[in-house]
Amino acid sequence: MTSAGPNLYLVGFTGTGKSTVGRLAARQLGMQFLDSDQEIEHAHGKTVSAIFAEDGEPAFRRFEREFVEGGHPAEGCVVACGGGLVVPDGMLELLRARGVIICLHASLETILQRTARSTHRPLLEGDDRAQRVRDLYGPREAIYRRTGTMVLTDRRPLREVVAHVLRVYRREAAERPARRP
Ligand code: S3P
C-alpha cells in the first residue's frame, strides 16, 4: 500500500543524487517514486535530449511546468526533479504549494565524477564539462539555496543521506497545514 503524505520534491543540480536517494526514500516511506525527466519523456514520447534538440529548451521548461501543475499525483509521491526544474520564476512557489522540498548538494568534484560518462544530459555537452557545470551552477546557486533544507550528499554513506532526507521530510510534513479535501 502507498502512503498519502505530502509529496517530497528532491531538487538540486545534476549529479547530486536525486534519483538514487529518491528511490530509496520512497521505498522507506511507502510512497511512489517519480522522476520528472522520465515522466516528461513518457508524456511526450521522446527523450529529454530529443526534446532539447527538436523543440528547444523553452519547450522542455514548459513541459516541466505542466508536469508540476498537473502531471503527477497531489500526494504520496517522492519526485526527483530535473536540475533546472526549480529555476524558472514561479516554479519554487508551485512546488512549495504541493509538498516538502529538499535540496541535495554535492561538490563540483563529485558532480563531475558522477556525470563523467553521462550522454543524456544535453546541457552538459561540450568539450569542457567542468566549465559547463560551473557556468550552469553559478547563476542557479542562489535559487537552490532558497528552495529548502540542503542535504549534503558528498562523502557520506548513502543510507545516512537517505536517513537525513527522511528526518527532514517527516518533520516538515508534520508542520504543513492539512490539505483541504
Ligand atoms: C537539466 C537537468 C537534467 C534534465 C535536463 C536539464 C538542467 O536532469 O532535466 O537535461 O537544466 O539542469 P538531472 O538533474 O536529472 O540531470
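Side chains included, hydrogens not; waters and symmetry mates left out as well; all remaining heavy atoms used. First listed ligand is number 1; within each ligand, the first listed atom is number 1.
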* Going by heavy atoms, is R61 under 4.0 Å from ligand 1? -> yes
* Please state which protein non-hydrogen atom is closest to atom 2 (C) of ligand 1 and give its distance, to 0.1 Å? -> G83 N, 3.3 Å
* Against heavy atoms of V48, which atoms of ligand 1 measure under 4.0 Å? -> 5 (C), 10 (O)
* Asked: Is it true that a side-chain atom of R98 and a backbone atom of V68 form a donor plus acceptor pair closer than 3.5 Å?
  -> yes
* Give the residue, atom name and distance (to 0.1 Å) of the protein heavy atom nearest atom 7 (C) of ligand 1. => G84 N, 3.3 Å
* Using the side chain to side chain contact (heavy atoms under 4.5 Å, CB included) rule, take H105 and F13 through it: C-alpha gap first, then chi angles, then the decisive distance, then the call. => CA-CA 7 Å; H105 183 77; F13 200 71; over 6 Å; no
* Asked: Are E64 and S36 close enough that a side-chain donor and a side-chain acceptor fall under 3.5 Å?
  -> no
* **R27 atom CZ, over 12 foreign heavy atoms within 6.0 Å** => no
* To do: Run the contact test for K18 against ligand 1 with a 4.0 Å cut-off on heavy atoms, strictly below, and give the result.
  => yes
* Kindly give the heavy-atom pair with the smallest separation between L158 and T20, and that separation in Å. => CD2-CG2, 3.8 Å
* Asked: Is the closest heavy-atom distance from R140 to ligand 1 below 4.0 Å?
  -> yes
* Asked: Nearest protein heavy atom to atom 16 (O) of ligand 1, by residue and atom, and its distance?
  -> R121 NE, 2.6 Å
* Asked: Should you measure from each heavy atom of D37, which atoms of ligand 1 turn up under 4.0 Å away?
  -> 3 (C), 4 (C), 8 (O), 9 (O), 13 (P), 15 (O)
Show the atom names and distances, to 0.1 Å, of all donor-acceptor pairs under 3.5 Å that link a side chain in residues 120-128 to residues at least two apart or in another chain.
| unit_1 | atom_1 | unit_2 | atom_2 | d |
| --- | --- | --- | --- | --- |
| R121 | NH1 | S118 | OG | 3.3 |
| D128 | OD1 | A130 | N | 3.4 |
| D128 | OD1 | Q131 | N | 3.2 |

* ring pair (Phe, Tyr, Trp, His ring centres under 6.0 Å) contacts touching residues 51-71 (sequence neighbours left out) -> H44-F63, F52-F60, F67-H72
* Structure fact -> ligand 1 atoms nearer than 4.0 angstrom to some heavy atom of T14 are 2 (C), 12 (O), 13 (P), 14 (O), 16 (O)
* **For P122, the ligand 1 atoms whose distance to one of its heavy atoms is below 4.0 Å** => 10 (O)
* Please determine if G82 has a nitrogen or oxygen closer than 3.5 Å to a nitrogen or oxygen of ligand 1. => no
* Are R114 and T153 linked by a side-chain donor-acceptor pair shorter than 3.5 Å? -> yes
* **ligand 1 versus L85: contacting region, heavy-atom distance under 4.0 Å** => neither
